[in-house]
Amino acid sequence: MSTVNVSNLNKIFNKGQTNQVDALVDVSLSVEQGEFVSLIGPSGCGKSTLLRLIANLLEPTSGDVVVAGKSAKQARLDQDYGMAFQQAGLFDWRTVSKNIELPLELKGWDKTKREARAKEMLDLVKLPEFSGHFPWQLSGGMQQRVAIARALAAHPPLLLMDEPFGALDEMTREHMQAELLSICAKTGTTVVFVTHSIPEAVYLSNRVVVMSPRPGRITKIVDVKLDGQRNESTRERPEFFAAITSVREALRAGGGHAHAGAGVEDR
Amino acid sequence: MSPLAQRIVRRSSMFVVALLFVAALWELYKVVGPEDGGALLGINILPRSNDRAMPHIWDMLSRYNRPELRSSERKIWRVVLAGAWFSFRLSLVGFAIGTTVGVLLATLMARFKVVERGLLPYLVVSQTVPLIALAPLVVSWGGKLEVFGYEWPRWLSASVLGAFLAFFPVAVGTLRGLSSANHASLELMDSYAASWTQTLFRLRFPSAIPFMVPAFKLAASASVIGVVVAEISTGLKGGIGRLIIEYAREATGDPAKVFTAVFGAALLGLAMAGLVAAFDLYVMRNRPKEAT
Ligand SMILES: Nc1ncnc2c1ncn2[C@@H]1O[C@H](COP(=O)(O)OP(=O)(O)OP(=O)(O)O)[C@@H](O)[C@H]1O
Ligand SMILES: [Mg+2]
């Protein structure tokens, strides 16, 4: 059974008005359990919109979203997914540990269980000594790790991430990518990941979904044939470059005009 | 020294310097200002600088150490302090009622847009009603009230007037604060399927705190003004307001006397502001410090 199943999805903002936007047109995608899928495409092609539809933070104009075998709404109510955004979005007034406990609190877990889980998550993201710190006392990369810990705290089967490493420097970013992969391998979490970076998408994913704008749609899905453990040497393998090339070509082909692929980083 | 102690020391020394500065200005004006007032650019605005209108600072201070009346033994500083303490308690009650009502109204308005649209204009209008006109009314209503077998005490009317002025900044500030929670955080709470109350207490109120603290500061001084004006206009005994009108009547014979009471009122305002400042330090202790 696939963890996410999106079929014939359409999303039109401001329908019937002069500022109507066809954000997504006839999008179908299914993500298998344990799979890592990236969404890539130029700015405005509807990546965030697709992620929000899966998260049930938006209602589709038409089409179906099934998450963990349920309607998207039921999945949200059951907290079947965790979410992380470009900005860590931690609450300033809560300690790191309390931030991670937030989703558990809302689920009604008792205090001891919550604290034990927060500690476990902090070990996972390698920040055990920072549980009592406040978010603003942490570096950007550390904050992002806390946000990931929070997203994973309830052990959701699905993780939705919208450019979570966008604000980080290149070194931290590569480090975080490796950590994310190892966390997902440990927990068996399924991930849908939005990014602007082709190498990031290829390095992380089993499949890279290439999208194009106006109207937003899926133009190609690239299978990344890098099996097994990924590490630093992965970035030098021929399969890695092959996948990068096919994603880039798909991005070029997708738009059909000179600016196709604008806003996508080629590093 | 800890940064907090440093801040407190710096703030209080600034305060003392400011006081000395005002005192110096006062005395300077007494030297250069016209004895019987005067006109500036044809308008009669320069105050009189004679000792009856503007007593010397040292006369005011030494007045504290003399008895209130020639017939009594009680030094005036005791009387003023007791009056300030009385009014302080009334203001505190008014502040508590006002902030509670203000926060509740703001929450209601944040929850239901209809309430905001319907209520907010009336709240604004309520603040234009002159307090002097309202005070005797509230006192006379209060006199007829009996709550759960208790008779409505007269002092409570003064507190209610304080609350009437205090609730407004709190309602407006809190409403702003409650809607200041950022979009991403709200979406996060949504993604957790959090209920409105859960979002209120875990996100909206904490985000509102930086807006509520300044509102509380306004409310603190508003409640003092409300109480003192109510005391003056209804003649309620025991508070600093009453002392001010009584002493003002003696201004011709004993001009320094009314100033002792006026400073008492200022002290009262300071005490309220101090309370709010302490609250501020407490609730903001774990927030990022802005560079000062
Ligand atoms: N709430 C909204 N109301 C109206 N239009 C919207 C709304 N959200 C998104 N859109 C429009 O939908 C389109 C897709 O937006 P979306 O945010 O999904 O793009 P994106 O692929 O995530 O872009 P980026 O890479 O810049 O984040 C854009 O044209 C945007 O203007
Ligand atoms: Mg986006």
Side-chain angles (χ1 to χ4, degrees), chain A residues 48 51-59 67 72-96 98-109 132-138 143 147 150-151 153-154 156 158-164 167, chain B residues 2-4 7 103 106-107 110-111 173-216 276-292:
Chain A
S48 301
L51 210 65
R52 282 186 168 73
L53 285 165
I54 296 172
N56 189 239
L57 297 173
L58 285 175
E59 287 293 332
V67 175
K73 172 149 195 208
Q74 194 56 46
R76 178 170 66 91
L77 294 178
D78 294 348
Q79 290 194 31
D80 280 333
Y81 66 82
M83 204 160 184
F85 302 92
Q86 178 165 11
Q87 299 301 326
L90 302 173
F91 290 0
D92 268 346
W93 51 91
R94 285 175 165 247
T95 60
V96 163
K98 288 272 176 216
N99 263 292
I100 297 174
E101 287 175 39
L102 178 67
L104 311 176
E105 241 176 79
L106 296 170
K107 272 188 145 183
W109 287 29
H133 284 59
F134 285 90
W136 43 273
Q137 299 170 321
L138 269 51
Q143 291 182 16
R150 178 180 62 186
L158 174 65
L159 187 56
L160 304 174
M161 305 180 99
D162 196 346
E163 298 181 49
Chain B
S2 75
L4 179 61
R7 239 171 85 194
V103 170
T107 312
R111 179 74 183 88
T174 307
L175 180 61
R176 269 278 324 270
L178 289 177
S179 36
S180 78
N182 74 37
H183 182 73
S185 303
L186 286 168
E187 200 163 53
L188 186 78
M189 293 304 276
D190 258 355
S191 81
Y192 296 138
S195 68
W196 194 84
T197 5
Q198 285 176 323
T199 307
L200 180 69
F201 287 109
R202 287 181 176 74
L203 174 60
R204 285 188 190 270
F205 268 124
S207 331
I209 292 286
F211 293 81
M212 290 165 79
V213 167
F216 284 175
V276 177
F279 171 79
D280 182 10
L281 284 178
Y282 177 74
V283 293
M284 299 298 283
R285 70 195 179 290
N286 289 328
R287 302 292 181 107
K289 313 275 178 287
E290 67 266 62
T292 38

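By convention in this document, chain letters (A, B, ...) are assigned in the order of the sequence lines, proteins followed by strands, and residues within each chain are numbered from 1. Note that the structure is predicted; figures quoted are calculated from it, not measured.
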Non-neighbouring partners of A:Glu105 that pass salt bridge (Lys or Arg N to Asp or Glu O under 4.0 Å), sequence neighbours left out:
A:Arg94, B:Arg202

Under 3.5 Å donor-acceptor, A:Gln86 side chain and A:Pro164 backbone:
no

As a test of understanding, state which of A:Leu160, A:Asp78, A:Ile54, A:Asn56 forms a side chain to side chain contact (heavy atoms under 4.5 Å, CB included) with A:Val67.
A:Ile54

Where does A:Leu77 contact chain B at under 4.5 Å (heavy atoms): side chain, backbone, both or neither?
both

Around atom CZ of B:Arg176, are there more than 12 heavy atoms of other residues, nucleotides or ligands at under 6.0 Å?
no

Are there over 12 heavy-atom neighbours, none belonging to A:Gln87, within less than 6.0 Å of that residue's CD?
no

Chain A heavy atoms under 4.5 Å from B:Ile209: which part of the residue, side chain, backbone, both or neither?
neither

Just jot down the salt bridge (Lys or Arg N to Asp or Glu O under 4.0 Å) partners of B:Glu187, sequence neighbours excluded, or say none.
A:Arg52

Suppose a student defines contact as a heavy atom less than 4.5 Å from any heavy atom of chain A. Which residues in residues 193-201 of chain B would they list?
B:Ala193, B:Ala194, B:Gln198

If you count heavy-atom pairs under 4.5 Å with chain B, which of A:Ala151, A:Gly89, A:Pro103 comes out on top?
A:Pro103

Holding to side-chain hydrogen bond (donor to acceptor under 3.5 Å, both in side chains), I want the full list of residues that pass it with A:Gln137, two or more places apart in sequence or in another chain.
none

For B:Met189, is it the side chain, the backbone, both or neither that has a heavy atom under 4.5 Å from a heavy atom of chain A?
side chain

Side chain, backbone, both or neither: which part of A:Leu90 has a heavy atom under 4.5 Å from chain B?
neither

With A:Asp92 as partner, the option from B:Pro288, B:Ser207, B:Pro210 fulfilling side chain to side chain contact (heavy atoms under 4.5 Å, CB included) is B:Pro288

